[in-house]
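What follows is a single structure, written as structure tokens, with notes after it.
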Amino acid sequence: MDLPARVVEYLQNEFLAQARPFCFLIDQNYRLIECWGHSEWCGLRGIKPGVDMREPAPFLVGISVTDSQRFEFLEMPGQAFVNAHVIPDSGQCYVVLLDARQEHASTQSKQQSVNELRLMHARQHKLIARQRDLISELVETKSELDHHRREAERISANKSRFIAMMSHEFRTPLASIINYADLAREEGTSSNDVQKSIETIARSAKHLTSLVEVVLDDASLDAGQVELVEHDFDLVSLLNDMAAMMAPMAAEKGLSFATYIDPDVPNLIYADEVRLRQILINLMGNAVKFTLDGGVKLTATYNDGRLVVTVSDTGPGISIEDQERVFQAFERGAGGRLHSQRSHTRDGRGRWTYRECADTVATQ
Amino acid sequence: MTRVTSKVCVVGDFAVGKTSVVERFVTNQFSEKYLSTVGVKIDTKEIDFPAPSGFIYVADGTRPDTLTAIEHLHSQITEKYGAAAFVLLINKRDLMHDWTVSDEYLDALSKSYGNVYRTSAKTGDDVEQAITRLAELIIDNDMRGA
Ligand SMILES: Nc1nc2c(ncn2[C@@H]2O[C@H](COP(=O)(O)OP(=O)(O)O)[C@@H](O)[C@H]2O)c(=O)[nH]1
Ligand SMILES: [Mg+2]
């Protein structure tokens, strides 16, 4: 059923007042034929018949004048927003512009809020991503710091171990000095023996001095390396020294002590004298310490350019398994990987170093 | 000199700088203020929009999703209008420090699309070059068509 005529009339007037239609008629070439209504509000004031309407109303460019079309929110000169209706009529075409300024303003503000919200979200996402990056950077830095801390702890532990080891090494030459001093002091000791004692004391003292130098040089130990200081020295006299130092200690425990130096062993060798002395003193020191009866023997042979010095004893010995453990390094290689197997046997710590030294000396 | 009037469609995600690029090209001005444009939308297919002579695709270098949107739009446009002339503007070059699209991706885009420009509506960098290039492409197409 149709609406009452009065209502239709009312609505028509209401719509016309709101939409303020401006209507113009153009030909196929977009030239103005005639126009109706108010044109000021949509920026088309003073247009004359014959004018190409694509100039004042650029949206017409490329538009077919034979199809019905409508466009929403077209911006006209003077920032007026219109809804445009293109209505073809037998070769000509009506164009009706309706005022859409209010509708545009409210749509625009709604769209603006939505867009701003979306932009904000995008920015937030970006910030969160950046935060995540920063956090993972922090985590990385922390693990680096942890690594450095562990490294520092490791070095400090190494130092403590080193100090424990060194004090152990100091004991043998000190004991030798005390022994020979006692011997020299004893009444009835021949002046020849006194002389010998003094020489042994001097050598032990010299060795202690070298050890002190090693302690001062412990930076090299932090790096996990033993640096060799090599020079030519008299090997045979070093071995004799060792024998002279150890023999009285063995005798005191009622042990026999023998030295065998193969005639092939060269007098002069090129090696690290301090380290070799250190190794032998410790091997022999331990041999004497842990042998309850029988004896200790120092043997040196020379084969194919390799010097083999053997310390053997009749003590309890070290089981193959324990030997493994005794000689197991605390750490291996430059990578600084920690080995789980650490030797905590009484003499294990000591032996580790000697083995390392022995290897180093031997391969030179 | 001959005047050629062409209808060019500027497409791209919201707030990538379409209005700003056109404003820079037409009036050589720029405003920091964002005022969203309300109007005919090309991706609303129901609207019987006359075939434009060319397209200006605009993306925002600081928002990678706006480039993905272009790839989408491009395939829709190609489907509807065939191989039209176009240039691709990756805008907001002045904010390059905040760009999240990789150079490799842009290089790949340049290879497959051709005519990719890194522009700034703010400083005006490459805006004119890009749009002038589009004009050349349109004229080339017209001459080939004629
Ligand atoms: N820094 C910078 N901002 C820009 C650039 N182009 C546009 N903008 C800003 O980005 C926002 C959106 O621009 P607008 O042209 O309205 O984007 P549209 O929605 O694609 O039309 C506005 O705040 C502009 O000021 C540019 O090259 N550099
Ligand atoms: Mg805009």
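Note that the structure is predicted; figures quoted are calculated from it, not measured. Any value given below was found using the heavy atoms of this structure, including those in side chains, with hydrogens, waters and symmetry copies removed.
- Shown here is A/Gln28, whose CD atom has no more than 12 heavy atoms of other residues, nucleotides or ligands within 6.0 Å.
- Of the charged side-chain nitrogens involved, none lies within less than 4.0 Å of a carboxylate oxygen, so that A/Arg123 and B/Asp98 do not count as a salt-bridged pair.
- In this structure, chain A has a heavy atom under 4.5 Å from the backbone of B/Thr37, while its side chain stays farther away.
- Counting heavy atoms of neighbouring residues, nucleotides and ligands inside a 6.0 Å radius, atom CD of A/Gln79 does not exceed 12 of them.
- At most 12 heavy atoms of other shown residues, nucleotides or ligands fall within 6.0 angstrom of atom CZ in A/Arg45.
- Between A/Leu119 and B/Arg63 there is a side-chain heavy-atom pair separated by less than 4.5 Å.
- Atom CD of A/Glu153 is surrounded by more than 12 heavy atoms from other residues, nucleotides or ligands within 6.0 Å.
- Considering A/Lys110, A/Glu103, A/Gln111, A/Glu72 as possible partners of B/Val38, the one that fulfils the side chain to side chain contact (heavy atoms under 4.5 Å, CB included) test is A/Gln111.
- The candidate from A/Gln112, A/Arg54, A/Glu75, A/His125 with the greatest count of non-hydrogen atom pairs under 4.5 Å with chain B is A/Gln112.
- Annotation: B/Glu136, atom CD; neighbour count of heavy atoms from other residues, nucleotides and ligands within 6.0 Å is above 12.
- Side-chain atoms of B/Tyr34 and A/Asn115, non-hydrogen and from C-beta on, do get closer than 4.5 Å to each other.
- Not a single donor-acceptor pair under 3.5 Å links the side chain of B/Lys7 to the backbone N or O of A/Leu60.
- The neighbour count for B/Tyr105 OH, taken as heavy atoms of other residues, nucleotides or ligands under 6.0 Å away, is above 12.
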